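Keep in mind that this is a model prediction, so the values were computed, not measured. One is the number of the first residue; the rest follow in order along the sequence.
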Amino acid sequence: EITLNGVDFTNNAARFTFLRPAAISGLTPTSGSSDGGTEVSVFGHGLTYASNMVCRFGWIDVAATFETSEDIRCVTPPHSTGAVDVSIVIDGHCISSFMKLTFAYEEPMALHSITPVLGSHDGGTLVTVAGNNFPVGVDGAMECLFGNVSSHSVHIVSSTLLTCVAPSHVVGTVEVS
């Protein structure tokens, strides 16, 4: 309520909520395609739900989904390659990190061909994948998808060549991605 004289107050009060300071402390993954579409989890503490909550990538705002007071999810917008600062805006208040959080936009990967194009349904066939923009040095983070079955046995030879071991699968033709 408000007053002009310290005695007479309005009788139509508005509500105000006091909260602990919120902060964000990390995000995963920290990189993705410049085409956008990467689902990112932003971690922190003291995060609260607001219907107008957004994730800010550089100066581009995208809708955010409140998961918990420690986790907010959003999908990256398209952006040119390079790193951008990441923050959360809740009810018009920008929540940032003590340390600068960045998301690195990278050229999207492309698959051009595979060899061989057939193998045993028992799995184990070493498949060579030719393409573009494979991230050298992150073997453990990559996977090849044969239809809906993942192969985590991936070795990145170069930015244009990788190998993966075909998993066991029912007989038939599937797409590799």
Side-chain angles (χ1 to χ4, degrees), residues 22-45 47 49-115 117 126-167 173-177:
I24 57 174
S25 56
L27 65 140
T28 186
T30 57
S31 64
S33 171
S34 60
D35 289 342
T38 302
E39 183 178 76
V40 174
S41 290
V42 182
F43 303 105
H45 64 273
L47 304 173
Y49 171 80
S51 60
N52 59 352
M53 175 179 4
V54 297
C55 291
R56 181 169 287 163
F57 291 85
W59 296 107
I60 303 171
D61 291 349
V62 295
T65 302
F66 179 83
E67 297 291 330
T68 69
S69 63
E70 298 178 344
D71 182 15
I72 291 177
R73 308 259 169 109
C74 44
V75 177
T76 60
H79 196 281
S80 57
T81 58
V84 298
D85 293 341
V86 177
S87 59
I88 300 291
V89 179
I90 298 177
D91 201 23
H93 178 70
C94 184
I95 298 171
S96 56
S97 171
F98 298 115
M99 302 177 305
K100 188 176 185 179
L101 293 182
T102 58
F103 183 85
Y105 281 96
E106 301 169 346
E107 287 292 330
M109 291 186 289
L111 183 151
H112 298 302
S113 64
I114 62 169
T115 347
V117 295
L126 184 65
V127 177
T128 300
V129 180
N132 288 338
N133 302 315
F134 299 145
V136 177
V138 295
D139 287 357
M142 291 285 295
E143 65 183 72
C144 293
L145 193 61
F146 290 77
N148 60 357
V149 179
S150 291
S151 168
H152 295 281
S153 299
V154 178
H155 174 67
I156 300 172
V157 178
S158 69
S159 64
T160 59
L161 197 66
L162 65 82
T163 60
C164 51
V165 178
T173 302
V174 298
E175 291 197 6
V176 177
S177 57

Donor-acceptor under 3.5 Å ([X] side chain, [Y] main chain):
X	Y	answer
Thr68	Glu70	yes
Asn132	Ala110	no
Thr28	Ser41	no

So how far is it from [X] [atom1] to [Y] [atom2], rounded to the nearest 0.5 Å?
X	Y	atom1	atom2	result
Thr30	Phe103	OG1	CZ	7.5 Å
Ser153	Glu143	OG	CD	11.0 Å
Ile114	Glu175	CD1	CD	10.0 Å
Ile88	Leu47	CD1	CG	7.0 Å
Arg73	Leu27	CZ	CG	12.5 Å
Met53	Ile95	CE	CD1	9.0 Å

Point to revise | Residue pairs passing the side-chain hydrogen bond (donor to acceptor under 3.5 Å, both in side chains) test where at least one lies in residues 49-63, sequence neighbours excluded | key: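 Counting only pairs at least two positions apart or across chains, the side-chain hydrogen bond (donor to acceptor under 3.5 Å, both in side chains) contacts touching residues 49-63 are Arg56-Asp61.
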Review point. Do Pro135 and Ile156 come close enough that some side-chain heavy atom pair is under 4.5 Å?
Key: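 Yes, at least one pair of side-chain atoms sits under 4.5 Å.
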Point to revise | Non-hydrogen side-chain atoms of Thr128 and Thr163 separated by less than 4.5 Å | key: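 In contact.
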Exercise for review: Please step through side-chain contact (heavy atoms from CB on, under 4.5 Å) for the pair Val165 and Leu126, ending with a clear verdict.
Suggested key: CA-CA 5 Å; Val165 178; Leu126 184 65; 4.2 Å; yes
Where [X] and [Y] come nearest, the two heavy atoms and their spacing:
X	Y	value
Leu101	Gly26	CD1-N, 3.7 Å
Pro167	Val149	CG-CG1, 3.5 Å
Val174	Phe146	CG2-C, 3.8 Å
Leu145	Asn148	CD1-C, 3.9 Å
Cys74	Ala64	CB-CA, 4.3 Å
Val84	Gly58	CB-N, 3.7 Å

Exercise for review: Check the pair Val176, Val117 against side-chain contact (heavy atoms from CB on, under 4.5 Å), reporting the backbone distance first and the verdict last.
Suggested key: CA-CA 10 Å; Val176 177; Val117 295; over 6 Å; no
For residues 75-83, dump all side-chain donor-acceptor pairs below 3.5 Å to protein atoms at least two apart in sequence or in another chain.
{"from": "Thr76", "atom 1": "OG1", "to": "Gly37", "atom 2": "N", "distance (Å)": "3.3"}
{"from": "Thr76", "atom 1": "OG1", "to": "Thr38", "atom 2": "N", "distance (Å)": "3.0"}

Review point. How would you list, by chain and number, every residue that makes a side chain to side chain donor-acceptor pair (under 3.5 Å) with Ser25, sequence neighbours excluded?
Key: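 Ser25 satisfies side chain to side chain donor-acceptor pair (under 3.5 Å) with no residue once adjacent residues are dropped.
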Practice item. Take Ile90 and Ile72 through the test side-chain contact (heavy atoms from CB on, under 4.5 Å) and record every step on the way to the result. Key: CA-CA 11 Å; Ile90 298 177; Ile72 291 177; 4.2 Å; yes
